[in-house]
Every structure is written in structure tokens, then in C-alpha cells.
Amino acid sequence: MLLRKSPSPEATIRSSEITPQSVFEQPHPTRRRFLTGAATLGAAALAARTIPSLISPPTTVEAAEQLVTIPSKYNLSDPETPLAKASTYNNFYEFGTDKSDPSHEAHRLPTRPWPIQITGMVKKPQTINIDDLIHYRPLESRVYRFRCVEAWSLIIPWDGYSLSEFINFCQPLASAKYVQFFSYNNKSVMPDEPSGYNWPYREGLRMDEAMNPLTLLTFGCYGQVLPNQNGAPVRVIVPWKYGFKSAKSIVRFHFTDKQPETTWNEADGREYGFYSNVNPNYDNARWSQAHERRLDSSVFPRNIPTQMFNGYGDQVASLYAGMDLKKFY
Ligand SMILES: Nc1nc2c(c(=O)[nH]1)N[C@H]1C(S)=C(S)[C@@H](COP(=O)(O)O)O[C@H]1N2
Ligand SMILES: [Mo]
């Protein structure tokens, strides 16, 4: 096998400590199900990181089972957006442009088998499979602020590990300065994919952004596998940038020395810059970005002041020292 298997979470945290701690810190129904699951599976199954739901992937949120995750130091204490909201109000244009389209259409996405290509400026280009990627490192549950350019925001517990761990596995050459993400693209399961864009969906990060420990290679949310509409079986989450930087359903990681093309920058470079850091002082061509609306079970006005870097300035502002963020928007 190409990927080295992860040490189990028990290597650093005893299984007896994992569940009570995460349930205590993040009480919600999913974690309570996790408790039940852990009791049924037992410590041996947990140690082997058995994830039955990933072998035959669920097609609905209700059917999705939990992932085995360990708590993270990156958690926010803000109240979480209900899963029912986070999984029914989505942007996943390949499945249609209405916010409700992906939750109706994305069940067609075939999430197994799911080969992932590693290409470009790496020591050795190769293809790996999703299950080896999931098992590579213990998954952390990280409650992140997530902010879309259209000014809605959510608080979501994402499950994954730092993208940096995977990039180190890829062994990029020293000359590689960027990593580009390619999403799955297949007209036969995406009949409503709008014309006027160059598919597949592409996004990218500068290497130091990609290596920042906050950038999450994400396999689940709310303690279960990602609903298809949220980017199953693997996506990135870049919490200090607008949502479109967080590419869904990734099939290829490409390393390059040139700033890569991205779908939204190509579609409208005036509105969507390569960097797209959350910035209340810099407006999108059509909207003010100064305030946001927290997506919740009821409709709220756009009355929350947006924070620079989505509130993650302590961890990421240094990446942009000396850069004019109005020029590099
Ligand atoms: N492949 C792909 N990834 C994508 C998109 C898309 O249309 N296609 N939309 C982006 C946008 S605009 C946002 S706001 C987020 C939404 O993620 P969520 O539906 O999990 O909240 O996904 C991003 N990733
Ligand atoms: Mo977005």
C-alpha cells in the first residue's frame, strides 16, 4: 500500500478518554450516537478505525454514520448551525445553481471507488484511493466558522486532518509554490451542470496557505461522513477564506510553480480574486462584505459584523505580511 497507516488515536489518547471528552465539549445528537456506537464497537474496533459507513457510502444525511474523531484544539465555542440547514442550503454548481439543488441531486455522486491523483511537481506522481487517505491520520473534529462570499455564515464541526499532513506525503518539489484542487466532473451524474464555466471546478492555494495547520482535509462533518452535497468523499476547508476556496469532491491534487487557474476567478476575476481572504473592508463587486447572516433554522437579518480573516487573524495574518490585500483580494 502506498500510504502509511496512521497510528490509531489511542496511540496518543486512550479510547476511554476520547468519547466522554468530545461529548462533554460538543454535546449534540450526533456525538451521542457516537457514544452508543463506541460502546457497541468496543475498543478493539475503534483501534482499527473501522468505518463501516465508508465501505458502502450513505446516500442520505439520515443514513450517514459517524466517523471516529478526536477533539481538536481549534474548536470554537459558538453554537453550531443545525446539520439540517448546513446540508440543504449549499453551493455545488455541478448539481445546479439553486441553493436547494445539491441536496436533491447530489445523491447521484458515486463516492466509491474514488481514486485520487497526485500530479505535477512532486517527487513521484501517483494515484491513491480514498479509504487509504481517510486512514492515513486520525481525524480531528474541528468546529470552524465558515463564511460564503454571498454573506451567509455557518458554524460547522468538520472532521478531518491538516492538509499539510497529506502534502508532506505527496513530497512536492521545493520549486512547487501552489497546490491546485480538481473536483469530480461527470456530465452523466451532473446533468444540470451550468454552461459558461470551464469544468471541472478548480481551486488553489499558495503552498504556505495550504500548509497552515488550519487548512483541513475534510472527510466528514457533525461526526458523520460528509453528505454528498457538502463535498463527499473529500474536500478542503479553508476557514479564513470565502467558501468557494473550499473545493468539494476532490479527485486530483496538482502541484505547480504558477498561480493556478480557479473556476471563480476565471468566471469573474473582478469579483473573485485568487486570495479571497474574508475581509470586511473589501467589497465584492456586487455585495458589501462588512456584515453577514448566520444561517440558522430561522431567517435572520444580515447583522453580524464580519471579522477580518473570518476571525482567524492570529493564525494567518502573518501569511500576508507586506501584501496589499486590496490588490491581492
Ligand atoms: N466542486 C465544487 N466545490 C465547491 C463549490 C462548487 O460549486 N463546486 N461551491 C463553493 C462555494 S461557493 C461554497 S460557499 C462552498 C459551500 O460549501 P457547503 O455547501 O458545504 O456549505 O463550497 C465551495 N466548493
Ligand atoms: Mo460561496
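Whatever order the structure lists them in is the order used to number ligands and atoms, beginning at 1.
- Neither side chain, Gln289 nor Thr306, offers a donor N or O lying under 3.5 Å from an acceptor on the other.
- In this structure, Thr218 and Leu226 have side chains that are in contact, with non-hydrogen atoms separated by less than 4.5 Å.
- In terms of polar-atom proximity, Asn230 is counted as a contact of ligand 1, with an N or O under 3.5 Å from an N or O of the ligand.
- Distances below 4.0 Å separate heavy atoms of Asn90 from the following atoms of ligand 1: 18 (P), 19 (O).
- Evaluated by nearest non-hydrogen atom to atom 10 (C) of ligand 1, the leading choice among Phe92, Trp264, Tyr201 is Tyr201.
- Between Phe166 and Phe169, the two ring planes are parallel [angle under 30°; tilted spans 30° to 60°].
- Residues Arg112 and Asp131 are paired through a salt bridge, judged by an N-O separation under 4.0 Å between the basic side chain and the carboxylate.
- Arg235 places a side-chain heavy atom less than 4.5 Å from the side chain of Ser246.
- Below 3.5 Å of separation, one finds an N or O of Ser246 facing an N or O of ligand 1.
- At least one heavy atom of Arg235 sits under 4.0 Å from some atom of ligand 1.
- Scanning the protein for heavy atoms near atom 9 (N) of ligand 1, the closest one is Asn91 O, 3.2 Å.
- The aromatic rings of Tyr161 and Phe219 sit tilted relative to each other, their planes meeting at an angle between 30° and 60°.
- Protein heavy atom at the shortest distance from atom 15 (C) of ligand 1 is Gly243 O, 3.6 Å.
- Ranking the protein heavy atoms by distance from atom 21 (O) of ligand 1 puts Phe146 CE2, 3.5 Å first.
- Across the listed options Lys248, Lys85, Glu203, Glu94, Glu94 owns the non-hydrogen atom lying nearest to atom 8 (N) of ligand 1.
- Here is the list of ligand 1 atoms found below 4.0 Å of a heavy atom in Cys148: 14 (S).
- Both Leu216 and Tyr222 are part of a single hydrophobic cluster, where members link through side-chain heavy atoms under 4.5 Å apart.
- The side chain to side chain contact (heavy atoms under 4.5 Å, CB included) search around Asn186 returns Tyr184, Ser188, Val189, not counting sequence neighbours.
- Of the protein's heavy atoms, Tyr93 N, 2.8 Å lies nearest to atom 7 (O) of ligand 1.
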